[in-house]
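A quick write-up on the structure given underneath.
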Amino acid sequence: MSSRRKFLTDCGVLAGSAGFSYLALGRHDWAEITKKSKKSSGLTLRFKPYELHLKHVFTLASGSRSTTPVMLTELEFDNIVGYGEASMPPYLGENYETATSFLSKVDLTRFESPFLMEDILAYVDKLVPGNYAAKASVDIALHDLVGKLMKQPWYKIWGLNPDRTPNTSFTIGIDKPEVVKAKVREAAPYRILKVKLGQGNDKEMIEAVRSETDKPICVDINQGWTDRKMALEMSYWLKDQGVVFIEQPMSKTSSEDTAWLTQNSPLPIIADEAFQTISDFSKVQGVYSGINIKLMKCGGLRSAYIMIKMARALGMKVMIGCMTETSCAVTAAAQLSPLVDWADLDGNLLIDNDIFTGVTINDGKIILPDRPGIGIIKNKT
Ligand code: MG
């Protein structure tokens with residue numbers, strides 16, 4: 001028995017559970033579980049595991065990895081299918097088992113119409129605490145479905161100007177100088193680079209990048225700095241190196257030190273690990289200059305849209321980011337990008353087995369597809 005089939009059996013959602021069917025697709029050891037609607041015209045949710053393969057081993061302050069587990073979702077109504085995705089890098093605590101358990105509980109047959117988005121997503125949110133990536137996979141699929149039913153892309157439904165999309169940064173992981181230089185050359189099409197720091201070789205990393213390019217850089221420390229005076233000195237040094245902001249310099253629990261750094265730093269300090277969803281605003285206001293919103297942290301587009309509006313009301317900067325994801329979740333997030341200061345939407349560019357086509361990058365700038373829903377099409381496999 002495959003490990004995937006075993007956990008599905010362990011979760012009790014395979015043979016013997018009324019309402020579920022299981023199909024092993026074989027070629028890539030995929031599995032699929034379908035929760036069928038009791039009503040022929042109702043909403044049908046499907047989900048299946050998929051493993052993303054990274055082009056390069058990805059190293060940040062918390063460790064290295066070469067794959068990311070995702071759960072793909074489909075939400076069908078009136079023969080129209082909306083696509084969604086949960087990306088579950090290990091440090092977030094979600095995995096195939098938790099997503100299977102959560103999605104097995106989601107019963108959308110109780111809703112007669114997908115247009116009841118507030119009711120549906122409030123129900124999904126309250127079902128079980130946490131599980132934000134799994135919740136995002138339903139939220140994204142619902143947005144895609146409803147946009148397709150309305151025959152409009154979400155940026156148009158929200159009234160956003162597609163010309164206002166920012167440049168996306170391209171991420172350079174922590175590595176030896178020669179590898180960093182090669183990655184910088186590979187990132188030639190991008191106008192801003194996001195450099196991962198926080199493992200003790202920060203200056204060496206930045207000097208390697210600067211030996212290749214004078215493009216603007218943002219840096220992500222991933223909580224790697226521990227001393228606030230050193231952090232402040234580094235922020236001045238980084239500003240001199242053409243860095244535009246610093247993401248999550250110290251531990252997400254170091255509010256006092258981070259607030260001091262934000263007050264004194266010449267560069268904006270952005271919360272990532274310290275900020276997950278709406279309830280975290282009270283923790284970051286006055287501590288950070290801005291927030292990094294990710295659909296997998298906050299539960300999807302509905303929360304992300306509200307959080308952008310809240311951040312603006314509080315005078316905070318906004319960045320939209322992603323995990324390693326297919327073009328499904330990345331293109332969904334891109335629909336919101338005309339509203340943000342900075343975008344880090346390169347997760348689909350870091351994998352070599354994307355199964356969707358969606359957002360594209362032209363001379364570094366995000367180009368929103370003029371297609372309904374979240375704007376993706378499924379690649380032929
Ligand atoms: Mg980050």
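Just follow the structure's listing: the first ligand is 1, and inside any ligand the first atom is 1.
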Applying the side-chain contact (heavy atoms from CB on, under 4.5 Å) test to Val184, which of Val179, Ile172, Val195 qualifies? Ile172
No-hydrogen, no-angle side-chain donor-acceptor test under 3.5 Å, Trp225 and Asp202: yes
Proximity of Phe356 and Tyr83 rings by center, below 6.0 Å: yes
Listing by chain and number, what protein N/O/S atoms are under 2.8 Å from the Mg ion (ligand 1)? Asp220 OD2, Glu247 OE2, Asp272 OD2
If we count only N and O atoms by modelled type, under 3.5 Å, do the side chains of Tyr132 and Glu94 hold a donor and an acceptor together? no
Could you tell me the separation between the CD1 atom of Ile291 and the NZ atom of Lys283, rounded to the nearest 0.5 Å? 13.0 Å
How many angstroms lie between atom OH of Tyr305 and atom OG of Ser303, to the nearest 0.5 angstrom? 13.5 Å
